[in-house]
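For reference, the structure is listed below as structure tokens.
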Amino acid sequence: MSTPPRESPTQALYRAALGPVQSEHHLQAFDRFDDRGVSGPSWNTLAAVCTFNWLVYRRLWRIAAVYLLLVGAAVGALWWGRHHLPDGVTLGLAGAVVLVATVIPGLFANAWLHGQLRLALVDVVRQSPSMADAADVLRQRAPSLQRLLVMCLLNLLLAALVGWQVWGSAAAQDPVAKSVVEPLATPSVVVVAEPAPLPSPTPSTAPSPAKAEPPTPA
């Protein structure tokens, strides 16, 4: 039975700096980058689907800020195009924005992380008395599972808030839903008027029939 190859000191430092999430995936990409001597495209599904959250989790603050600004500018351009461009053109631009915002981070997220961690490794190794001490420092700085859990909870809270706002605005525009959302008004009291009394019968003024006179004798 063959024993697995021993991990190099650089790989051990990378593992300590990466933390428990996606460490094997990143180590494989980092090995290819170090063998070639330059980083390049390497697909990362999690970074493509949850780009901003992934950047924040990995503490790539500058790239996260640039990404957020670009997404905001793209949303503003789409809002302008919705009012000034045909619907087909606006829909095509929206698809292009989603594609670019997904594909570019998915292809280059590993390279961004590799560049940042390599600088961190050099800095920590220079200041530490041994490789073991450097690994301990990097392990303490690495993103943890608790950090991931907090970010997931914040995302759920944000999604619930957005859903509540959307449902509230839709209910305000829909008269049927609005009647369900708004509290029922106090029922008004309906006063039923009593019927007017019928007039009492008056004595008849019609002339009474004349009494029959007896016949006159002949």
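Just the heavy atoms: all of them, side chains too, but no hydrogens, waters or symmetry mates, feed the values below. As the structure is a computational prediction, the values presented were derived from the model and not from experiment.
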Margin query: Between Trp61 and Leu68, is there shared hydrophobic-cluster membership here, with clusters defined by ILVMFWY side-chain heavy atoms closer than 4.5 Å?
Written below: yes
Check: Would you find a donor on one side and an acceptor on the other, under 3.5 Å apart, between the side chain of Arg147 and the backbone of Tyr57?
Finding: yes
Check: Taking all non-hydrogen atoms of both residues, which atom of Gly106 and which atom of Ala48 are closest, and how far apart?
Finding: CA-CB, 3.7 Å
Check: Taking the six-membered ring for Trp, are Tyr67 and Phe52 parallel (under 30°), tilted (30 to 60°) or perpendicular (over 60°)?
Finding: parallel
Note to self: Ignoring hydrogens, what is the shortest heavy-atom contact between Pro105 and Val100? Give both atom names and the distance.
What the structure shows: CD-O, 3.7 Å
Next item on the list: Report, as yes or no, whether the 6.0 Å neighbourhood of atom CG on Asp87 holds more than 12 heavy atoms from other residues, nucleotides or ligands.
Entry: no
Next item on the list: Kindly indicate whether the side chain of Glu24, heavy atoms from C-beta on, has any atom under 4.5 Å from the side chain of Arg15.
Entry: yes
Notebook entry, point to check: Do Val137 and Asp133 have side-chain heavy atoms sitting under 4.5 Å apart?
Noted result: no
Next item on the list: Carefully, step by step, assess Trp54 and Val49 under the rule side chain to side chain contact (heavy atoms under 4.5 Å, CB included).
Entry: CA-CA 9 Å; Trp54 186 89; Val49 176; over 6 Å; no
Notebook entry, point to check: Which atom pair, heavy atoms only, marks the closest approach of Ala109 to Ala47?
Noted result: CB-CB, 3.4 Å
Notebook entry, point to check: Do Leu78 and Val71 belong together in a cluster built from hydrophobic side chains that touch within less than 4.5 Å?
Noted result: no
Item checked: Residue from Asp136, Leu13, Thr10 passing side chain to side chain contact (heavy atoms under 4.5 Å, CB included) with Met131 -> Leu13
Item checked: Check: Tyr14 side chain, Pro9 main-chain N or O, donor-acceptor pair, under 3.5 Å -> no
Notebook entry, point to check: Near Arg62 CZ, under 6.0 Å, is it more than 12 heavy atoms from other residues, nucleotides or ligands?
Noted result: no
Note to self: Angle between ring planes, His84 versus Trp80, binned at 30° and 60°: parallel, tilted or perpendicular?
What the structure shows: parallel
Notebook entry, point to check: When rounded to the nearest 0.5 angstrom, what is the spacing between NE2 in His25 and OG1 in Thr45?
Noted result: 7.0 Å
Margin query: Checking Phe33 against Ser42 for the side chain to side chain contact (heavy atoms under 4.5 Å, CB included) test, could you report, in this order, the C-alpha distance in whole Å, the side-chain angles of both residues, the deciding distance, and whether it holds?
Written below: CA-CA 9 Å; Phe33 296 159; Ser42 175; 3.8 Å; yes
Notebook entry, point to check: Considering only heavy atoms from C-beta outward, does the side chain of Leu153 approach that of Leu157 to under 4.5 Å?
Noted result: no
Item checked: Atom of Ala17, atom of Ala142 and distance for their closest heavy-atom approach -> O-CB, 3.4 Å
Notebook entry, point to check: Does a side chain donor of either Asp123 or Gln127 reach within less than 3.5 Å of an acceptor in the other side chain?
Noted result: yes
Check: side chain to side chain contact (heavy atoms under 4.5 Å, CB included) between Leu113 and Asn44: does it pass, once the steps are laid out?
Finding: CA-CA 11 Å; Leu113 183 59; Asn44 188 326; over 6 Å; no
Next item on the list: May I ask whether Trp43 and Leu55 are part of the same hydrophobic cluster, defined by side-chain heavy atoms of I, L, V, M, F, W, Y residues being less than 4.5 angstrom apart, directly or through others?
Entry: yes
Next item on the list: Would you give the length of the straight line joining atom CG of Leu121 to atom NE2 of His114, rounded to the nearest 0.5 angstrom?
Entry: 9.0 Å
Next item on the list: Give the cluster check for Phe30 versus Val38: same hydrophobic cluster or not, with ILVMFWY residues linked at side-chain heavy-atom distances below 4.5 Å.
Entry: no
Notebook entry, point to check: Parallel under 30°, tilted from 30 to 60°, perpendicular over 60°: which one fits the rings of Phe108 and Trp112?
Noted result: parallel
Note to self: Can you confirm whether Arg58 sits close enough to Leu117 that some side-chain heavy atom of one is under 4.5 Å from a side-chain heavy atom of the other?
What the structure shows: no
Check: Got a second to check how far Ile104's CD1 is from Leu99's CG, nearest 0.5 Å?
Finding: 8.5 Å
Check: What distance separates Asn110 CG from Leu27 CG, expressed to the nearest 0.5 Å?
Finding: 10.5 Å
Margin query: Nearest 0.5 Å, please: how far is OG in Ser23 from CD in Gln11?
Written below: 12.0 Å
Next item on the list: Look at atom CZ of Arg59 and say whether more than 12 heavy atoms of other residues, nucleotides or ligands are closer to it than 6.0 Å.
Entry: yes
Margin query: For residues Val124 and Leu119: do they belong to one hydrophobic cluster (side chain heavy atoms under 4.5 Å, members Ile, Leu, Val, Met, Phe, Trp, Tyr)?
Written below: no
Next item on the list: Test side chain to side chain contact (heavy atoms under 4.5 Å, CB included) on Val21 and Leu145 and set out the steps.
Entry: CA-CA 7 Å; Val21 180; Leu145 290 175; 3.8 Å; yes
